[in-house]
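What follows is a short report on a single structure.
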Number of protein chains: 2
Amino acid sequence: MNVRFNLRAMARVSQEHLDARRRQILDGARRCFTSNGFHATSMQDVLREAGLSAGAVYRYFRSKEEIVAAVAAETLESVRVSYAATAAADPPPTPDELIGAVLSRLRVLLGDTDGDDQRALPQLLMQVWGETLRNPEVARVLADGYHGLLGQWIALVEAYQSRGWVDPGADAEHVARTLIATVQGYFVQQALFGGMDPAGFREGLRALVAMNVPEEERRPAREH
Amino acid sequence: MNVRFNLRAMARVSQEHLDARRRQILDGARRCFTSNGFHATSMQDVLREAGLSAGAVYRYFRSKEEIVAAVAAETLESVRVSYAATAAADPPPTPDELIGAVLSRLRVLLGDTDGDDQRALPQLLMQVWGETLRNPEVARVLADGYHGLLGQWIALVEAYQSRGWVDPGADAEHVARTLIATVQGYFVQQALFGGMDPAGFREGLRALVAMNVPEEERRPAREH
DNA sequence: TTGTCAAGAATGAACGTTCGTTTTAACCTC
DNA sequence: GAGGTTAAAACGAACGTTCATTCTTGACAA
């Protein structure tokens, strides 16, 4: 009996193997969650899709809830990095340039990792949004990411204002929220109906920010 | 309960009573679905919230699925009517005018019927979006509403173009999709974080469509 | 290099619970 | 007291999870 006092238990299989199994589970779960939602997906569905038995899966995750949280976190992270990759530039990119670039990058990213299903990520993101209503941990992660993003957009809008591209009297946060809203709406439409493409969306945004309405045609702001 | 003479031959309670019970069930279910999602809500939850027993509820609805479909349909309908109430005008309202008016109207509508919880409808709408991924009937209702709405917005954008407010070279459908996206994003942010108000959103939209970027500062459209 | 073997990894049947739904029997109104 | 409506008990199915068991792996002795 060769009893040795190994501090680190020797792994029976490599760390790569363990990582691959974990990924196998998360990928299977993600496919289920995307088309069926978190709570209409059973563990049996996940097991079947992952190609593993119950015992195997429960060796890597303590509960279904933990898998849901992991998939949600990865989803939010993939959206976050697609934004973060777009660095600040001088002169600042216009909204249509910036958003078009972010969406194009995301499209390329998805083409590589997701079997070219351009709707999968938006659909999953929509499920994550719904999950925040009942899962405080997911809500916290989402809120953190959102507020970081909002701060970046506010800074960008302020840069617009200092260059005279945007009315300096406008509230930068309101403008930033509106810009974020366009991206969220893009995701919603892509998730629900598909057929959205970054170039077309950029064209629409471009036409909007290039709009020119004679002031005398405007109606007063308050109506009720 | 208040049982009155029967209007219909077989019924022993009034139609008003039946309608009220149906509404009682739908209201309870809606409250559950809003905060918990369709599939994380059990029938027990619905029964408790509606204050009725299983037998009573199953007299009015054949299944949980039928309740889900009814709540989803009512939700989409309430969004639809809030749009439909905004008639065509000449000159056409600018995007910020129109969207601001629609959101204000919706706010008033919600204040009357929903205990002043301005997040409830957007949250429920988000759940409905998620449900379309696995429920073809809900998906059909949503798609019908969306395409009707899209058509109206395209017509409006074309009116902008004929007045020279929007670049006539832009694809009207892309611009319309972008405008719809802003509203969807408004709903998302209101559902997730609250604190959105129509006036602020209108201000943000106003600043966007009034943006003025010197052409020589723009970057080329294609990047990769 | 090869054989051995303890321990990690994986299995799948079975568990207790909770699900949506149905049946039952008491209840209320006329 | 009869008809229609309700609440509550009961149903089978399906849920997420566990566990006794089997299979696989890799370090080590020879």
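Note: hydrogens, waters and symmetry copies are ignored here, and every other heavy atom, side chains too, is used. Numbered from 1 within each chain, the chains take letters A, B, ... in sequence-line order.
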**Complete:** Closest heavy-atom pair, B:Gly204 versus A:Thr178, reported as atoms and distance to 0.1 Å, is CA-OG1, 3.5 Å

**Prompt:** A:Arg107 and A:Tyr186: which non-hydrogen atoms are nearest, and at how many Å?
**Reply:** NH2-OH, 4.5 Å

**Message:** As a test of reading the structure: which of D:dT17, D:dA9, C:dG20 is closest to the side chain of A:Ser63, going by heavy atoms?
**Reply:** D:dT17

**Shortest non-hydrogen separation from A:Ser82 to A:Val102 and the atoms involved** = O-CG1, 3.7 Å

**Fill in**
Rounded to whole Å, CZ of B:Arg48 lies from C1' of C:dG20 at a distance of 15 Å

**Message:** Here's a test of your reading of the structure: between A:Ala56 and B:Arg59, which maps to the more 5' nucleotide of DNA chain D?
**Reply:** B:Arg59

**Item:** Minimum-distance nucleotide to A:Ser53 side chain [options: C:dT21, C:dA10, D:dT17]
**Value:** C:dA10

**Request:** Verify the contact: side-chain N or O of B:Arg21 to OP1 or OP2 of D:dT6, cut-off strictly under 4.0 Å; return yes or no.
**Result:** yes

**Prompt:** Once you round it to whole Å, what is the distance between P of C:dC19 and NZ of A:Lys64?
**Reply:** 13 Å

**Request:** Fit a plane to each ring of A:His147 and B:Phe193, take the angle between them on a 0 to 90° scale, and name the class: parallel (under 30°), tilted (30 to 60°) or perpendicular (over 60°).
**Result:** tilted

**Asked** What's the closest nucleotide to the B:Tyr58 side chain, out of D:dG16, C:dT22, C:dC19?
**Response** C:dT22

**Message:** So if I take every side-chain heavy atom of A:Gln44 and compare against C:dT22, D:dC15, C:dG20, which nucleotide ends up nearest?
**Reply:** D:dC15

**Complete:** To the nearest angstrom, the CG-C1' distance between A:Leu18 and C:dA9 comes to 9 Å

**Request:** Please report, rounded to the nearest Å, how far the C1' atom of C:dG12 is from the CE atom of A:Met43.
**Result:** 14 Å

**Asked** Are OP1 or OP2 of C:dA9 and a side-chain N or O of A:Tyr60 less than 4.0 angstrom apart?
**Response** no

**Request:** Nearest whole angstrom, please: distance from the P of D:dT18 to the CZ of A:Phe61.
**Result:** 15 Å

**Item:** For B:Glu131 against B:Val68, the heavy-atom pair lying closest together
**Value:** OE2-CG1, 4.1 Å

**Request:** Side chain of A:Ala54 only, please: which of C:dT21, D:dG16, C:dG12 is the nearest?
**Result:** C:dG12

**Prompt:** Within this structure, what is the NE2-to-C1' distance between B:His39 and D:dC15, rounded to whole angstrom?
**Reply:** 15 Å

